[in-house]
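Below is one structure; the comments refer to it alone.
We're numbering straight along the sequence, starting at 1.
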Amino acid sequence: MLTGVIAGPVFTSPPVGSIVAAIRTVAQAGAAGVLLLVKNYTGDRLNFGLALERARREGLEVEMVVIADDCAFFSLRKAGRRGLCGIILIHKIAGALAEEGKGLQEIASFVKTVAAGIGTLGVSLSPCSVPGSGPTFTLGSDEIELGLGIHGEAGVQRYKMMSCDEVVKIMIDHMTDPTSKSRVEVQSGDSIILIVNNLGGLSCLELQVVASSAVRFLEGRGLRIERAMTGSFMTALEMSGVSITLMKTSSEILQLFDKETSAPAWPRVSRNPVSGRTRTFPCAPESPQPKESNPDVVSVQVYSRVLGYVCSSLLSLEEELNDLDRAAGDGDCGSTHARAAHAIQDWISSGQIPSHPSRFLAALSHVLLEKMGGTSGALYSLFLMAAAQPLQHQSGPQAWAASMEGGVEAMKRYGGAEPGDRTMLDALSAADTILQSLRTPNSNVMEILGRAVKSAADAAEETRHMTAGAGRASYIGSSTLSRPDPGAKAAAAILQAIWDGLNDGS
């Protein structure tokens, strides 16, 4: 790609002397000619232009191509369109031509033609700040700025916050508006190269969301995306924004674009078109569970009632659990359990609840595994799947005691936690210890269950005094963990809701 680059101060054109020195260095290394690729800003044009004239006076072969790909302004200003991220495509194509041994004039002429088919537009959620100075412009927390440059200058239009799909539609409509003098000329059926460029402060996740929206919208317009790149190619310090670049392409341009380069920052771009790929594949259908020949309606009613109590409890605790989780996790424990509650409610409404205890727990395990997500979803699913085993052939109190024990042991075995590690297992193990009294013949089931619920609640509260030995909280200093573990609180609340549901039906 580039043989040399000249850096100036932040957001300032480099000095003429530095540019001339770079030209001399490249020429002395044996270059047959030197092509200056310059973004269209007044200072750059002046300084690089003056350097070009000085180099020519010294007898050096030098040409300059000014890249102006900004699509922000509907009517052209005297200064012309600004140079933005589209120039990196010219770097690649000019470099590939030079590598092929093409002449200076031929390269300059070719890239001028290619550059005429490039358009870029930026949007940002925030300004940037030159080191030692304040923000370059002000923007409300609920606003976005469209059409800004790469030197911190404000854009051409301001909008209220909206979804990514809506923003991308506005951007591409603006870039291709037939009434705009700075539009990029692309029509349905054209082949293009797409760049989704991070202006500095976006996360990889946000950038990929924008890229997904752009691909879908462009394909919806009938454009064929031959290549696509995402990354930080032309940044504006810490600006939380993104620019979209479109370049009309052809087989000749694609061949140059695809040429290997040793430039370390150039991404490994697939040489296959983006458009035309199959991006989703249907999952193989699961084997349907055989229907029960004679379902026990009363059992299903009990399960539904108890689950209803569990769901109501978890939904009411969502914010409390999230708040507890912020101290040691990512603050989503309540949201994860609320997601499980909504999934269970949908399952109840579907009328697909089995009446056999073992099949009921196995089916509930599947619901949580598919819908709850996170570590909690996997642990609850594991617990229920193991708990279902002892209930396959018997369902008395002794079998339910074995069921609870089996679930807890599976969580220990695969989750790696033990009682005392400040996890949901503390509450479940405390309850399990009491529930083993169900193995005694003629035991008072509800009385034992009540004691187990209280023991779980006490154990959940005791986690505030424990040092985390497993889970995400184990990476946090114990001095910062002075409140109960959210997972233990949730498990205790579930057991309380089960007891309430059973007690309600006597």
Side-chain angles (χ1 to χ4, degrees), residues 84-85 88 120-129 139-146 148 150 155 159-172 175 193-220 225 227-246 264-270 272 274-275 277-281 283 318 321-322 325-340 342-343 369-378 471-473 475-476:
L84 301 175
C85 186
I88 70 160
T120 299
L121 189 67
V123 67
S124 184
L125 307 175
S126 74
C128 64
S129 301
L139 190 62
S141 60
D142 62 341
E143 294 179 320
I144 57 175
E145 188 87 4
L146 181 75
L148 30 74
I150 55 171
Y159 293 90
K160 288 296 182 182
M161 193 68 69
M162 60 186 77
S163 73
C164 180
D165 283 348
E166 291 172 307
V167 173
V168 167
K169 181 181 186 304
I170 287 173
M171 293 176 73
I172 295 174
M175 295 171 69
I193 292 174
L194 166 68
I195 299 178
V196 179
N197 170 59
N198 188 351
L199 287 175
L202 285 193
S203 65
C204 292
L205 175 63
E206 290 166 310
L207 200 64
Q208 295 292 346
V209 170
V210 175
S212 175
S213 294
V215 167
R216 284 185 281 106
F217 188 79
L218 291 167
E219 289 182 338
I225 304 171
R227 305 289 185 270
M229 301 197 303
T230 62
S232 300
F233 306 113
M234 184 72 65
T235 57
L237 300 174
E238 85 284 18
M239 184 177 283
S240 294
V242 64
S243 67
I244 291 176
T245 298
L246 308 178
W266 189 259
R268 294 180 62 85
V269 183
S270 170
N272 297 312
V274 174
S275 297
R277 293 186 194 176
T278 300
R279 299 192 186 96
T280 58
F281 296 88
C283 294
E318 180 175 1
L321 294 175
N322 280 342
D325 194 34
R326 289 185 189 103
D330 48 9
D332 69 344
C333 180
S335 301
T336 301
H337 283 79
R339 189 161 56 244
H342 288 302
L369 183 63
E370 292 293 314
K371 303 294 184 182
M372 187 175 184
T375 304
S376 297
R472 194 170 291 169
Y475 303 107
I476 308 296

Give the minimum heavy-atom separation between Met162 and Val167, together with the two atoms involved.
CG-CG2, 3.4 Å
Please give me the minimum heavy-atom distance between Asp325 and Gly331, naming the atom from each residue.
OD2-N, 3.1 Å
Grab the two heavy atoms, one from Leu202 and one from Asn198, that are nearest each other, plus how far apart they are.
O-ND2, 3.0 Å
Distance col, row Leu139:CG vs Met239:CE, nearest 0.5 angstrom, shows 9.5 Å
With rounding to the nearest 0.5 angstrom, report the CZ to CG distance, Arg216 to Asp165.
4.5 Å
Would a distance-only check, ignoring hydrogens and angles, find a side-chain to backbone donor-acceptor pair under 3.5 Å from Gln208 to Leu205?
no
Taking C-beta and beyond as the side chain, do Met229 and Trp266 meet within less than 4.5 Å on heavy atoms?
yes
Please answer whether the main-chain N or O of Phe233 pairs with a side-chain N or O of Asn197 as donor and acceptor at a distance below 3.5 Å.
yes
Quick one: does Ser126's side chain have a donor or acceptor within less than 3.5 Å of a partner on Ser240's backbone?
yes
Is the closest side-chain heavy-atom distance between Met161 and Leu125 below 4.5 Å?
yes
Below 4.5 Å, heavy atoms only, C-beta onward: do Thr245 and Leu84 meet side chain to side chain?
no
Are any side-chain N or O atoms of Asn322 and backbone N or O atoms of Gly334, one a donor and one an acceptor, separated by less than 3.5 Å?
yes
Would you say that Ser203 contacts Leu207 through its side chain, given a criterion of any heavy-atom pair below 4.5 Å between the two side chains?
no
Run the side chain to side chain contact (heavy atoms under 4.5 Å, CB included) test against Arg339 and tell me which residues pass, sequence neighbours left out.
Thr336
What is the minimum heavy-atom distance between Cys128 and Leu237, and which atoms define it?
CB-CB, 4.2 Å
Counting C-beta onward and ignoring hydrogens, is there a side-chain heavy-atom pair between Leu148 and Leu199 closer than 4.5 Å?
yes
Do the side chains of Val168 and Val210 get nearer than 4.5 Å, heavy atoms only?
yes
So how far is it from Asp142 CG to Lys160 NZ, rounded to the nearest 0.5 Å?
3.5 Å
Nearest heavy atoms of Ala214 and Leu194, plus distance in Å:
CB-CD2, 4.2 Å
Counting N and O atoms only, with roles assigned by atom type, does the side chain of Glu145 sit under 3.5 Å from a partner on the main chain of Ser124, one being a donor and the other an acceptor?
no
Pair Arg227-Val274, side-chain contact (heavy atoms from CB on, under 4.5 Å): steps then yes or no:
CA-CA 6 Å; Arg227 305 289 185 270; Val274 174; 5.8 Å; no
Interatomic distance, His342 atom NE2 to His337 atom NE2 [nearest 0.5 angstrom]:
13.5 Å
Taking all atoms of both residues into account, what is the closest heavy-atom pair of Ser270 and Arg277, and its distance?
OG-NH2, 3.4 Å
Indicate yes or no for a side-chain donor-acceptor contact from Ser243 to the backbone of Gly122 under 3.5 Å, with no hydrogens or angles considered.
no
Would you say the side chain of Ile195 lies within less than 4.5 Å of the side chain of Ile244, judging by non-hydrogen atoms?
no
Does some side-chain heavy atom of Leu146 sit less than 4.5 Å from a side-chain heavy atom of Leu121?
yes
